[in-house]
There are 2 protein chains.
Amino acid sequence: MSSILTPPAPRRATVVTLSELAGVAPSTVTRALKGDTRISKKTRDLILGLAKEHGYMPNVLARTLSSGKSGLYGLVLGSAENPFYLELLYEATRQAEKLGFRLLIIHAGGGPIEDITAQALIQYQVDGCIISSAILSSRAAEICAQNNVPLVMVNRVALAHGCFVTCDNRAGGVEIARLMIARGRRRFGLVYTASSSSTSREREEGFVSELEQAGLKLAVRIDGHSNYDGGYAAGQEIAALPAHERPDAIFALSDIMAMGVLDALRLASINVPEDIAVAGFDGLPSSARPIYDLTTIQQPLPLMIQRAFELLQARTLDPSLPDELIAMRGKLIIRGSCG
Amino acid sequence: MSSILTPPAPRRATVVTLSELAGVAPSTVTRALKGDTRISKKTRDLILGLAKEHGYMPNVLARTLSSGKSGLYGLVLGSAENPFYLELLYEATRQAEKLGFRLLIIHAGGGPIEDITAQALIQYQVDGCIISSAILSSRAAEICAQNNVPLVMVNRVALAHGCFVTCDNRAGGVEIARLMIARGRRRFGLVYTASSSSTSREREEGFVSELEQAGLKLAVRIDGHSNYDGGYAAGQEIAALPAHERPDAIFALSDIMAMGVLDALRLASINVPEDIAVAGFDGLPSSARPIYDLTTIQQPLPLMIQRAFELLQARTLDPSLPDELIAMRGKLIIRGSCG
DNA sequence: TTGAAAGCGTTACCAC
DNA sequence: GTGGTAACGCTTTCAA
């Protein structure tokens with residue numbers, strides 16, 4: 001029996017414990033701990049000393065119960081197949097750490113956000129939630145709205161309820177088209193995503209409309225399923241085309257698909273960029289690898305996350321704030337894959 | 001003023017609310033909700049009905065306060081540069097979802113776990129924590145021990161305090177060596193990690209000891225920094241070697257480094273596996289890409305996570321349980337990169 | 001089968 | 001400056 005061998009785990013220090021030790025009221029302890037100026041330096045030092053001595057750590061959950069704010073933000077991540085979400089996770093974690101709050105993983109994966117997921121948001125009293133992908137059912141959105149849980153979609157456009165911050169996807173598509181046209185490309189292939197997210201639709205629109213401006217149009221359009229394998233298959237399909245039907249430029253709507261395309265072309269001994277130029281979208285770190293050297297539009301992820309948190313925090317303080325829709329221009333990164 | 005335009009947000013249903021509605025005591029509601037058999041079917045149905053009608057959702061935090069169990073597990077992730085942690089995150093999320101608890105991101109990235117991080121574990125009353133990387137300072141470990149927060153390292157060996165579950169790294173190293181020797185390779189290169197994690201040290205030991213058994217030894221040993229770029233640089237270095245000094249087999253201690261090696265070799269027009277065989281370790285999904293077709297040892301990640309949760313849960317119930325150290329055999333996956 | 005009441009650790013509000 | 005006390009929402013005895 002551990003109760004015999006080890007002394008009964010010394011009860012954790014609490015506000016009450018400390019107040020007794022210091023001979024003051026619990027409320028005084030609270031105030032001293034949070035640096036309330038109205039407390040005399042003497043008592044404050046006393047309390048701070050005791051707190052340190054006894055290794056006091058506030059119980060955030062209890063605080064939440066009485067104050068309403070949990071310091072917890074929910075995070076919904078898209079499919080593991082796209083490294084973009086990895087970047088997002090790490091960036092969000094980094095920023096949350098700095099801002100002093102925590103991230104609760106609500107869902108990760110391709111599937112839709114089910115009611116049960118939305119419920120977790122409520123049950124854990126999160127102060128807000130960043131949704132980077134997945135479809136929020138309108139019922140789930142409703143639940144959040146009803147419970148005043150502010151939502152912000154990153155890299156997605158909003159439903160009925162919620163803010164969003166995205167890259168200016170349309171403008172990105174336009175830039176890629178312009179670049180390719182300027183480099184003398186004339187036959188265009190697009191590797192898109194059928195499970196149409198707003199994001200990829202906008203990228204395509206920008207691209208295609210710019211082509212049309214120049215009196216050009218798509219020669220090929222293949223579903224790349226938003227992952228490497230899909231991109232790879234698309235690349236194979238393109239490589240298998242008779243040379244005169246083959247595009248001389250391919251725009252893959254996300255970097256991960258572009259990498260698949262590049263690898264498929266390489267294995268088919270098609271030269272990039274000589275035979276075919278390739279561009280992606282997202283600006284994944286891996287797109288910079290020499291083997292890919294991929295031209296792409298880099299999303300300003302750090303800033304996007306920062307805005308997301310700002311939106312969330314503001315709405316935590318004042319729930320009546322209207323939804324805000326922020327789009328920021330991505331940065332065209334020209335690398336070897338476009339010649 | 002939203003207070004004029006919109007009706008004051010209808011207060012969330014709570015146990016008390018429901019009890020008043022049903023004309024019973026709060027405790028009865030609690031019991032009915034959790035399916036206590038001693039409650040009459042009639043009252044239970046009544047309460048369940050009301051709960052549904054009013055969209056009742058328990059406040060998990062309040063529950064934690066009174067019951068002690070939060071249903072929250074902390075997660076510490078290693079560097080974003082190794083996709084292995086991505087896999088781990090998604091697998092852990094999937095399983096947590098099934099088991100009905102939530103993951104709190106405690107830290108993500110290469111750095112050490114600072115005290116403040118350990119504090120978060122305590123403050124949020126997590127029921128336990130999965131640490132997949134990073135160094136836990138002994139002070140941090142102490143904090144956890146003192147507060148009865150069970151710890152389990154996945155893919156790391158434990159410090160003073162905590163369980164661990166890993167792949168049998170040593171055995172994996174042995175298997176790779178055996179395979180390469182059997183395939184007639186005689187000059188061996190190793191791409192290791194200097195910031196020596198126990199994990200990679202064991203893999204190396206297994207590999208080297210098996211070589212020695214066969215009277216062979218390492219010809220080259222290069223630090224690959226546990227990431228793609230490091231592996232790539234190592235590959236370049238190897239490619240730059242005069243042909244007679246070049247190894248004919250390379251074991252990279254992790255898949256991500258192996259991919260870097262492969263790309264560097266390919267860009268240097270060195271043929272794999274004809275000129276050089278390459279093997280990795282981890283079994284990342286991307287190692288299966290045709291362009292890599294990498295021979296590797298696949299870690300049984302799902303099972304590892306499952307055990308991790310089991311260890312954690314058991315220790316939540318009975319903190320006096322001794323630390324357990326679990327190692328499981330990885331699976332050799334032979335692909336084209338080894339001939 | 002149900003009720004009453006005492007916590008859980010913190011904060012907030014109102015006194016003094 | 002500080003104290004007292006009532007919440008916060010839920011669970012858990014102990015009674016009935």
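Computed from heavy atoms alone, side chains included, the values below leave out hydrogens, waters and symmetry copies. Reminder, nothing fancy here: chain letters follow the sequence lines and each chain counts from 1. Here the structure is a predicted model, which means the values were calculated and not measured.
Separating the NZ atom of A/Lys69 from the P atom of D/dC8 is a distance of 14 Å, rounded to the nearest angstrom. Atom CG in A/Leu33 sits about 11 Å away from atom C1' in C/dT10, given to the nearest Å. Computed from coordinates, the A/Gln125 CD to D/dC8 C1' distance equals 10 Å when rounded to whole Å. Atom pair B/Glu20:CD and D/dC10:C1' shows a separation of 15 Å (rounding to whole Å applied). In this entry the distance linking CZ of B/Arg38 with P of C/dT2 reads 10 Å, nearest Å. Taking atom CD on A/Gln123 and atom P on D/dT11, their separation rounds to 11 Å, with Å as the unit.
Expressed to the nearest 0.5 Å, how far SG of A/Cys129 lies from CG of A/Leu75 amounts to 7.0 Å.
Between A/Glu310 and A/Arg307 there is a salt bridge, with a side-chain nitrogen of the basic residue lying less than 4.0 Å from a carboxylate oxygen of the acidic one.
With hydrogens and angles ignored, no donor-acceptor pair under 3.5 angstrom links the side chain of A/Ser67 to the base of C/dT11. The base of C/dG3 is not paired with the side chain of B/Thr28 by any donor and acceptor separated by under 3.5 Å. For A/Arg44 and D/dG1, a side-chain-to-base donor-acceptor distance below 3.5 Å is absent, hydrogens and geometry of angles not being considered.
Applying the 4.0 Å criterion to OP1 and OP2 of D/dC10, one finds that B/Thr30 has every side-chain N and O outside that range. Dashed line: the shortest gap from a side-chain N or O of A/Tyr124 to OP1 or OP2 of D/dG9 is not under 4.0 Å. Close to C/dA12, at under 4.0 Å from its OP1 or OP2, lies a side-chain N or O of A/Lys34.
A/Thr17 and A/Thr14 form a side-chain donor-acceptor contact under 3.5 Å, judged by distance and modelled atom types alone.
Along DNA chain D, the nucleotide nearest to B/Ala62 and the one nearest to B/Arg31 differ in position, and the one closer to the 5' end is contacted by B/Ala62. For the pair B/Ser66 and B/Ile39, nearest-nucleotide mapping onto DNA chain C gives the more 5' position to B/Ile39.
Closest approach to the A/Ser40 side chain among C/dG9, C/dA4, D/dT2 is made by D/dT2 (side chain taken as heavy atoms from C-beta onward). For A/Ser27, whose side chain is taken as the heavy atoms from C-beta onward, the closest listed nucleotide among D/dT5, D/dC10, C/dT10 is D/dT5. Among D/dC10, D/dG4, D/dT2, the nucleotide with an atom closest to any side-chain atom of A/Thr43 is D/dT2.
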